[in-house]
Amino acid sequence: MHLIVAEKNISARRIAEILGEGKKITEHKDAGVSTYTFGDITTVGLRGHVVEIDFEPGYQNWRSEEYTPRSLIDAKTIKVPTEKKIVTLLQKLARKADRITIATDFDTEGELIGKEAFELVRAVNAKVPVDRARFSAITKGDLQHAFANTTELDFALAAAGEARQSIDLMWGASLTRFISLAARRGGQNILSVGRVQSPTLSMIVDREKEIEAFVPEKYWQLDLDTEKSGERIEARHTHGRFHDKAEAEGARDRTKEPLVVTEVKEGTKQDRAPSPFDTTTYIVAAARLGFSAANAMRIAEDLYMNGFISYPRTDNTVYPASLDIEGILTTLRTSPFKKDVEWTIAHRRPVPTRGKKSTTDHPPIHPTSPATREQLGDDVFKIYELVLRRFLATLAPDAVWKTLKILFVAGGEEYTTTGGQLIEPGWHAVYPFSEAKEVVLPAFSMGESLPLKKITLDEKETQPPARYTQSKLIQRMEELGLGTKSTRHEVIAKLVSRKYVEGNPLRPTLVGRVVTESLEQHADTVTRPDMTQTIEAHMQQIKESKRTREDVIRESREMLHKAFDQLEKNELVIGDDIRNRTAEEMNLGKCPVCGGMLAIKHLRGNTQFIGCSHYPDCSFNIGLPMAQWGFAVRTDDICGKHQLNFVRLVRKGARPWDIGCPLCHHIDSNRESLSEMPSMTPALADTILRHHIYTVAELARSKPEDLAQRLVIPAADAGRLVDEAGTVLEKLRRRSECRKFLRDRLIPRKGRSYAKIMEVLKGQGITELAALAHAEPEVLKNAGICEAEASQVLADARTVYYGRVLRVMGIPAVSLKKYLAAGFTTPDAFCKLKPETLSERTGMSLSTVQKHVALVCKALNKPAPKKTSKLQTEKGRKELLTIKGLGEQAAENLILAGVTDGKSLLAADPKAVARDTGIPEQKIRDYQALYRKKKEIIEL
Ligand SMILES: [Zn+2]
Ligand SMILES: [Zn+2]
C-alpha cells in the first residue's frame with residue numbers, strides 16, 4: 001500500500017479526489033478519522049501538529065520550590081501526542097505500507113509536521129521508504145507534478161521549525177510563570193509573556209504613549225469656492241498651512257475679485273498595475289474590505305484547502321517562470337468573472353508585474369480554479385474575488401491619468417486646484433478595490449475671470465500619529481522581522497484574547513501597558529524586537545544548515561538566563577508595581593451605599609463579584625455569573641445614572657457578554673422578585689431603592705424596627721415587609737433549587753438552553769421541584785427534552801421531592817434510604833400497600849414499618865391499609881397475571897404502586913399508575929379494558 005499523509009483531513013480528501021480521478025474512492029472511518037482509498041493508494045489527513053512539545057513531568061506545579069520559573073529554561077522537553085486517534089491510525093497504516101509520501105503544507109511549519117509524522121512512522125516501521133511531495137496549490141496540475149517528482153524531507157527546514165517551537169516554549173513558559181507569580185496572579189488571570197508577543201505589544205504601547213505625549217498645534221487653512229459651467233470648484237491657498245493666524249487673516253482679507261486663471265498645467269501620469277499578493281499585502285487588501293487579519297487568513301486557508309487559490313502563506317511577490325498563467329486564465333474563463341478574464345486576455349501586458357521579494361518556496365497568492373458565490377457564500381466569495389481580480393490586475397496594462405493643475409490669483413493671493421481623470425483605465429478595469437478617485441475639472445483658459453463665491457478660513461489642529469490597525473501592525477512586524485507570515489496574525493489575536501489590547505485600531509489595556517512597562521524597565525531584552533530578529537536570523541542559518549538546532553537553542557538559553565538575572569533581582573518591585581497599577585483596572589466607581597470604591601473581585605474557584613472597598617463595614621455587593629461564563633472586566637462606557645463603569649464578561653472563543661452598568665443590572669434583575677411581594681408598590685420600590693435596598697434578601701434579613709426607622713414607615717408595615725420578603729425568598733430558593741436540579745441532569749444542546757427549558761416549564765407553572773415531581777413527561781418534551789431523558793428526570797425529581805416529604809413526615813433518613821432502594825418512592829405507597837409487603841421488600845421489621853405507615857397515613861390524612869392475608873395477596877397477583885400481555889415484572893411493578901388485584905386495577909388512575917410504574921399509560925388502559933372484558937364474560 002502507498003500511504004499519503006496530508007496536513008488536514010480536507011486536503012487528504014482533495015488529494016484522493018484529484019489523484020484518483022476516474023477511480024472508485026472509498027472513504028473508511030477508523031475511530032472517527034477518515035482515510036480515502038483508491039487502487040493501492042490510501043490518503044490520510046493529520047490535524048496540523050498531532051504531537052506537541054511539553055516539559056518533562058514535574059514542571060506543571062507553578063508553586064514548586066524545586067522547579068522555579070528559571071528552571072524551565074533548562075528543562076528537558078518531550079513530545080506528547082495531542083491527537084491520539086490520528087497517531088494510532090497513522091502508525092497502524094504505517095506498519096502495512098510499502099511506501100509513504102508526506103504531503104503536508106510546503107513551508108517550515110508543514111515540514112515540521114511532516115517530520116513529526118515521519119518519526120511516528122519510523123517508530124513502528126524502520127524500513128518503509130518515505131518521500132516528500134511539495135506543492136503550492138491543491139490542483140490537478142500541481143499535484144500530478146509533485147507526486148511524479150517527490151524528494152526527501154528537508155530535515156534542516158524541520159529543525160528550524162523545531163528550534164522555534166522549543167525557544168517559544170522556553171521563553172513563553174518561564175517568563176509567563178515568573179511575571180504571573182511575581183504579580184500573584186493565577187488561573188484565568190495569568191499574565192502571559194511571549195517571544196514575539198511581548199515586542200509586538202510593546203510597539204502598541206509605545207504608539208499609545210506617543211499619542212498621549214502629542215501636543216496638538218493649531219494651524220489655519222484658507223480655501224475659496226468658485227464656479228465654472230454651473231459646477232462648484234474649491235481651490236486652496238498655495239501657502240498651504242498657515243501657522244500664524246494674523247498672516248492667514250491678512251491673506252483672506254486681500255483675496256478679492258477679480259479671480260483670474262493664471263496657469264493651466266496639463267499632464268499625464270502612469271499608474272502602475274499592482275504587484276502580486278504575498279501574505280502581508282493580501283491581509284492589507286482584505287482589511288480594506290473589512291476582514292480582520294485572522295479572519296482573512298482563515299478564509300484564505302479554507303480556499304486553499306478546497307483548491308480555489310494557491311497556498312496563502314508566502315513572502316513571494318514574483319510569479320515563477322514555471323507558473324502556467326495561460327492555463328489559469330483558461331480555467332478562470334468558466335468563473336463568474338468570465339468577462340473580466342476575457343478582457344485581461346485581450347489586453348495582457350507583455351510581462352506580469354513583480355514585487356520586491358522573490359523567494360523560491362511558494363508563488364504569490366493566485367486563483368487556481370473557478371468558484372461561484374453559491375458554492376462559497378458571500379464572505380468567502382468576496383475574498384476569492386479579491387484574489388482573482390488581483391491576479392488579473394497583475395496581468396493588465398498600467399493605467400494612464402490625465403492630470404490638470406490650475407492656478408488662480410485674486411488680489412495678489414495665489415490659489416490652486418487639481419484634477420485627475422482616468423484616460424486609460426488599464427488594470428482599474430478589473431480591480432475596483434484601489435482608492436484612486438477621479439476628479440473631473442471643466443476646461444479653463446488662461447486669463448479667464450471667474451466669480452469668487454466664498455472664502456473659508458478653517459482653524460485646524462495637527463493630529464497625533466494614528467493607532468495601529470491590525471493590517472498596519474502586520475506590515476510593521478514584517479519590517480522588523482517579528483514573527484513569520486504564518487504567525488503574525490495569530491500573535492495579534494493572542495494579544496486580544498489575553499486582554500492586553502482591544503479595539504481596531506488597537507490600543508493597549510491597562511494590564512497590557514503595565515506588564516510591558518515593567519518588562520521594559522527590568523528586562524528590556526524581552527520587549528525589544530532585536531532579540532526576536534536575532535532568533536529569526538538563527539532560524540535562517542539552521543535552514544541553510546549553517547548552524548545546528550542545539551547550538552541555536554543553547555544561545556537562546558543564555559540570552560534568557562541573562563534576562564532572568566535582571567528579573568529575579570527585581571522580583572518584589574515588579575510584583576508590587578504590577579499589582580498596584582492593575583488594581584485600578586477593576587475599579588468601577590463609587591459605592592451607592594457608602595461612597596467607597598466598587599471593584600470587580602476575582603476569587604479562587606471561578607467566583608467573581610462586585611464588592612465595596614469599605615468591606616466589612618459596608619456589605620454592599622453585586623453577584624456575577626461564575627468566571628467560566630466569562631471573566632469579568634471593566635469597559636470604558638459609564639452609566640449616566642450611576643457613574644459606574646460598565647462590566648463585560650469575556651470568554652475565549654465566545655462573543656463577549658455585556659452586563660452593562662452593574663447597578664442598573666442589579667436593580668433590573670431584582671425588580672421582578674421584589675414585585676412578587678404583595679405589598680410592593682412602584683412607589684415603595686422607589687423608596688427602598690433610594691435607601692439602597694436592592695434585593696429581597698436584604699429586606700428579609702432586616703430587623704423590622706431598623707427597617708421602620710430607615711424607611712420612615714410604621715413598625716407594623718415594616719414587619720409585614722420583612723415577612724413577605726421571607727416568603728418570596730423561600731420561593732426563590734425553591735426555584736433556584738429546581739433550576740440547579742435540572743442543570744445537574746441536562747446537558748445543554750443546540751436549541752435547548754437552560755433559560756429556554758425554564759421558560760417553557762414556567763409557562764406550565766412548574767418552577768419548583770414539587771411541581772416537577774408531579775409533571776407530565778409531555779411538558780418536558782415540549783421543552784426539547786427527549787422521552788427517555790424526561791422520564792429519568794421526572795423519576796429523579798420524584799425521588800428527591802418525596803424523599804424530602806417523607807423525611808418531614810417523620811421517616812428517619814436511614815429507613816428512607818431502604819424504602820427508596822426498594823422502589824417505594826411516594827407517600828401514597830405507604831397507604832396503599834400492606835405493611836407486610838413493605839417489610840418483606842425492605843428487610844425492616846414489621847413493627848417498624850407499621851410505625852412508619854401510621855406516620856405517613858396520618859400526615860396524608862388517609863386511613864392505614866386494611867389487613868390482607870397472604871392468600872389474598874397471592875390471589876390478587878394471580879388475577880393480574882391472567883391479563884393477556886401482563887407479565888411477572890409488570891405485575892410486580894403494579895403491586896408496588898398499590899395495584900394489588902383486578903379490582904384495584906379498574907379503580908386506578910392510569911396516569912398516576914403510569915407515573916409510578918413507568919408502564920406507558922396506554923398499556924395500563926389496555927390492561928384495564930382487557931380485565932373489564934374478562935370480568936364481564938365471567939359475570940355473564
Ligand atoms: Zn460601600
Ligand atoms: Zn446604572
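The figures that follow rest on heavy atoms only: side chains count, while hydrogens, waters and symmetry mates do not. Counting starts at 1 for both ligands and their atoms, in listed order.
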ask   = SG (C664) to the Zn ion (ligand 2) to SG (C661): angle, nearest 10 degrees?
value = 110°
query = Parallel, tilted or perpendicular for H774 and Y801, by the 30°/60° rule?
reply = perpendicular
inquiry  = A quick test of your reading: do over 12 heavy atoms of other residues, nucleotides or ligands sit less than 6.0 Å from CD of Q643?
reply    = yes
remark   = Among N, O or S atoms, H642 approaches the Zn ion (ligand 2) most closely through ND1
query = So which pairs with a foot in residues 609-627 pass side-chain hydrogen bond (donor to acceptor under 3.5 Å, both in side chains), sequence neighbours left out?
reply = none
query = In a check of salt bridge (Lys or Arg N to Asp or Glu O under 4.0 Å) between E768 and each of R804, K740, R733, R734, which one passes?
reply = R734
inquiry  = What do you get for the angle at the Zn ion (ligand 1) between SG on C591 and SG on C594, to the nearest 10 degrees?
reply    = 110°
query = Closer than 2.8 Å to the Zn ion (ligand 1), do we get an N, O or S atom from H614, backbone or side chain?
reply = no
